[in-house]
Visitor: 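If you scroll down you'll find the structure; I have some questions about it.
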Amino acid sequence: MMMFMQLAQGMIVTVEIFLLTLLFSLPLGLLVAFGRMSKIKPLQWLVKIYMAIMRGTPLMLQLIVVYFAPYYVFGVSISGGYRFVAVIIAFSINYAAYFAEIFRAGIESIPIGQYDAAKVLGYTRVSTFMHIIFPQVIKRIIPPVTNETITLVKDTSLAFVIAVAEMFTIAKQISAKQASVTALMVAGLFYFVFNYVVAYIMERIEKKLSYYR
Amino acid sequence: MANECPLLQLKNISKVFPGNNKVLEDISLTVNKGEVVSVIGPSGSGKSTLLRCATMLTDITGGEIIYGGKCAVKADKGKITYASKTEMKEICKTFGLVFQNFNLFPHYSVLKNVSEPLIVNCKVPKAEAEKKAREILARLGLENREYAYPCELSGGQQQRVSIARALALEPDVLFFDEPTSALDPELTVEVLKVIKQLAAEKMTMIIVTHEMEFAKEVSDRIVFIEHGVIVEDGTPDELFATNNERIREFIGKLGGKK
């Protein structure tokens, strides 16, 4: 029983990491996508370098770097509360890089005629994006976003590397103490159910948007 | 005086795409209120580019575009100057464009396609915009399709919705870029009927088309373009009786009777 209580505590942290990462990385990803598509060359390069690093190095390493950077780079001492913040920062900037490419693919897949029509009808650039382009982009990017979201659920377990007590960290501790894999199996079941729910919700959204082609 | 001003004046328009690809050369065209002008010519002659330039979807590289006496854009030796932002907004309200492939907004219902630009861009209250949209849709024979989505409509219906969408903003002049090229003959008839109806209502229109019989019937003037220049500009009778070999050949090929 004790085990479940402890795992439940970890579950809450896992769900928190998941939700906060989505909350920050999706809008950030859209901004990065704009930077990537920008006509300003230096900005474009900067974004490309950022994406190359985020996608080209292990997320686990990024977690460590974000966690220790304040101490090694700026000489600021790290408080325990920063662990969780570091996880959110590292996950958000990492996932933003992936989401950015998904957004970019979605935006670039909208026919140019939609922009022409909007312009002739008097839409400004901003209102064209808000009213005409973005709603269509959302519909198109749901499947790849679902993929990333599911990966994120599982990636939350990487937070153990800087000793954030999310579920997987706790499951491993319990499992080591009891010399049994039960806790790990329970954790695995939780990830599976969590992802099942995520996939179900995304499928519902996709269905809801299927009223047009 | 204001009434005598031509609705649209194109003065010596030229368009050179990168790589010194001259698409339009020294095109001048004046369209008065109530006139229907058809633009014909072989593929690649610059007809669509002309419409895109006139509606400012494409930058011109030379010449001047004047709407109702107000200069919208002027270009000289690659330097392009547009009217001020507020002036531009007014000018853009004076014309509408109907595309070859409709370009309806797929995520909006028919009603919303027609009413939403009014609500978003002209700040018309929703109820009023929808009432207006319904009236126009009814006029174009679409009264039962208000809640359908573009993907549920036939091509002819889609094109009529896009005409309704353009009309809702009450433009002074309406451009058509090969409005029936994406349609089969039966649906073509249905769209041409609507355009004829508008012509009867004295709507000013500039129509790029390959439908010779239709152009002859509906137009006050026909402009023949080839290789980016206006070869002839005259009444349908004049054009169909022209001595220009090239035009005779072109009209003959497309099955237009003399």
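Residue numbers begin at 1 in each chain, while the letters A, B, ... track the order of the sequences. Just the heavy atoms: all of them, side chains too, but no hydrogens, waters or symmetry mates, feed the values below.
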Visitor: Pick one of side chain, backbone, both or neither for B/Phe99, based on which atoms fall under 4.5 Å of a heavy atom in chain A.
Guide: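 Side chain only.
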Visitor: Yes or no on side chain to side chain contact (heavy atoms under 4.5 Å, CB included) for B/Phe105 and A/Ile133, after CA distance, side-chain angles and deciding distance?
Guide: CA-CA 9 Å; B/Phe105 302 134; A/Ile133 307 302; over 6 Å; no
Visitor: Could you list the residues that satisfy ring-ring contact (aromatic ring centres under 6.0 Å, His included) with A/Phe34, not counting sequence neighbours?
Guide: A/Phe129
Visitor: Is the number of heavy atoms from other residues, nucleotides or ligands within 6.0 Å of CG (A/Leu19) greater than 12?
Guide: yes
Visitor: Name the region of B/Leu118, side chain, backbone, both or neither, that has any atom closer than 4.5 Å to a heavy atom of chain A.
Guide: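 Contact with chain A is absent: no heavy atom of B/Leu118 under 4.5 Å.
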Visitor: Could you work out all donor-acceptor pairs shorter than 3.5 Å where one atom is in chain B and the other in chain A?
Guide:
{"residue": "B/Arg52", "atom": "NH1", "partner": "A/Asp116", "partner atom": "OD2", "Å": "2.9"}
{"residue": "B/Arg52", "atom": "NH2", "partner": "A/Asp116", "partner atom": "OD2", "Å": "3.4"}
{"residue": "B/Met56", "atom": "O", "partner": "A/Lys119", "partner atom": "NZ", "Å": "2.7"}
{"residue": "B/Asn103", "atom": "ND2", "partner": "A/Gly113", "partner atom": "O", "Å": "3.3"}
{"residue": "B/Leu104", "atom": "O", "partner": "A/Gln114", "partner atom": "NE2", "Å": "2.8"}
{"residue": "B/His107", "atom": "O", "partner": "A/Tyr211", "partner atom": "OH", "Å": "3.2"}
{"residue": "B/His107", "atom": "NE2", "partner": "A/His131", "partner atom": "O", "Å": "2.9"}
{"residue": "B/Tyr108", "atom": "OH", "partner": "A/His131", "partner atom": "O", "Å": "3.2"}
{"residue": "B/Asn121", "atom": "ND2", "partner": "A/Leu121", "partner atom": "O", "Å": "3.0"}

Visitor: Would you mind checking which part of B/Leu169 comes under 4.5 Å of any heavy atom in chain A, side chain (CB onward), backbone (N, CA, C, O), both or neither?
Guide: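 The answer is the side chain of B/Leu169.
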